[in-house]
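Notes follow the structure.
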Amino acid sequence: MIETILTWLQGFPPELVAAVLAALPVLETRVALPVAIFALELPPMTAFASTFIGTLLPVPFIFFFLTPVLARIHRHLPRLDQWFLVWRAKQEKKFGASYSKWGAFFLFLIVVIPGPGTGVWTASALAVLFQIDLRLSALSIASGAFVGGLTILAVTQGIFVGVNLL
């Protein structure tokens, strides 16, 4: 899949290619940063900056377009809306006090901790779904992306140095 995307973006500046890779769900910085360093041969700090910017590109779109989508679901798909309301009520009952107190910190953790279903896309959607203050959410998500990116950069550079020693 990555090879296909790189083929489609052939001819574009490598910084832009790295940013586009980082903006894609699932890939984000976890994949885009090593690809930017090893495949696109960007200097580590340039790769970090490009992927950091790219991974944050979807955040405002998710923040501002998910709310109208949810409103349409509410109006036109009552069964799906009812399922969502029941699911959300269960989540609020289970974690209610934690959302208001720790919601933004959990968004930070969702972005920092690599794993399936985590990242900027997920954190942004959760911020909208659970109505966490968007300014605070954006700050938490950006902070998580920064710390997560630095972690991936450190691991990538460590592997790179280790391979060179062999």
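This is a predicted model, so every value here is computed, not measured.
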* Kindly give the heavy-atom pair with the smallest separation between Leu136 and Asp133, and that separation in Å. => N-OD2, 3.1 Å
* Asked: Between Leu139 and Phe108, is any pair of side-chain heavy atoms under 4.5 Å apart?
  -> no
* Sub-4.5 Å side-chain heavy-atom contact between Leu153 and Leu33 -> yes
* Passing option when Asp81 is tested against His74, Arg72, Arg75 for side chain to side chain donor-acceptor pair (under 3.5 Å) -> His74
* **Side-chain heavy atoms of Leu107 within contact of Ile132, under 4.5 Å** => yes
* Is any side-chain heavy atom of Glu41 closer than 4.5 Å to a side-chain heavy atom of Pro14? -> no
* Asked: Minimum heavy-atom separation for Ser50 to Ala18, with atom names?
  -> CB-CB, 3.9 Å
* To do: Dump the intermediate steps for side-chain contact (heavy atoms from CB on, under 4.5 Å) on Phe52 and Thr29, then the final yes or no.
  => CA-CA 7 Å; Phe52 177 70; Thr29 303; over 6 Å; no
* To do: Say whether Ile53 and Leu24 are linked into one hydrophobic cluster, either directly or through other cluster members, by side-chain heavy-atom distances under 4.5 angstrom.
  => no
* Structure fact -> Residues Val111 and Gly119: closest non-hydrogen pair is CG2-O, 3.8 Å
* To do: Determine whether Phe84 and Ile73 make a side-chain contact, defined as any pair of heavy atoms from C-beta on separated by less than 4.5 Å.
  => no
* Asked: Do the side chains of Val69 and Leu129 join up, straight or via other hydrophobic residues, at under 4.5 Å, putting them in one cluster?
  -> yes
* Asked: Can you name the residues that form a side-chain hydrogen bond (donor to acceptor under 3.5 Å, both in side chains) with Gln131, not counting sequence neighbours?
  -> Arg88
* Parallel, tilted or perpendicular: ring planes of Phe130 versus Trp87, cut at 30 and 60 degrees -> tilted
* Taking the side chain as every heavy atom from C-beta outward, state whether Leu150 and Phe48 have any pair of such atoms under 4.5 Å apart. => yes
* Asked: Could you give the distance from OG1 (Thr55) to CZ (Phe146), rounded to the nearest 0.5 Å?
  -> 13.5 Å
* To do: Quick one: closest heavy-atom pair of Ala23 and Pro58, and the distance?
  => O-CG, 3.4 Å
* To do: Check whether more than 12 heavy atoms from other residues, nucleotides or ligands sit under 6.0 Å from atom CZ of Arg135, and answer yes or no.
  => no
* Main-chain N/O of Ile113 paired to Thr118 side chain as donor or acceptor, under 3.5 Å -> yes
* same_hphob_cluster(Val59, Phe64) at 4.5 Å side-chain heavy-atom cutoff -> yes
* Flag side-chain contact, heavy atom, 4.5 Å: Gln157 against Ile37 -> yes
* How long is the span from the OG atom in Ser124 to the CZ atom in Phe61, to the nearest 0.5 Å? -> 12.0 Å
* Within a strict 4.5 Å, meaning less than it, do heavy atoms of the Phe106 and Ser140 side chains meet? -> no
* Which atom of Ala36 lies closest to which atom of Thr51, heavy atoms considered -> CB-CG2, 4.4 Å
* **Minimal non-hydrogen separation, Phe63 against Ile141, with atom names** => CZ-CD1, 4.0 Å
* Shared ILVMFWY cluster between Leu21 and Leu16, side chains joined below 4.5 angstrom? -> yes
* Structure fact -> CG (Leu70) and CG (Leu77) are apart, to the nearest 0.5 Å, by 11.0 Å
* Asked: Is there a chain of hydrophobic side chains (I, L, V, M, F, W, Y, each step under 4.5 Å between heavy atoms) that links Leu66 to Val120?
  -> yes
* Measuring from Phe105:CZ to Ile110:CD1, what's the distance to the nearest 0.5 Å? -> 11.0 Å
* To do: Please indicate whether Trp8 has more than 12 foreign heavy atoms, meaning atoms of other residues, nucleotides or ligands, lying under 6.0 Å from its CH2.
  => no
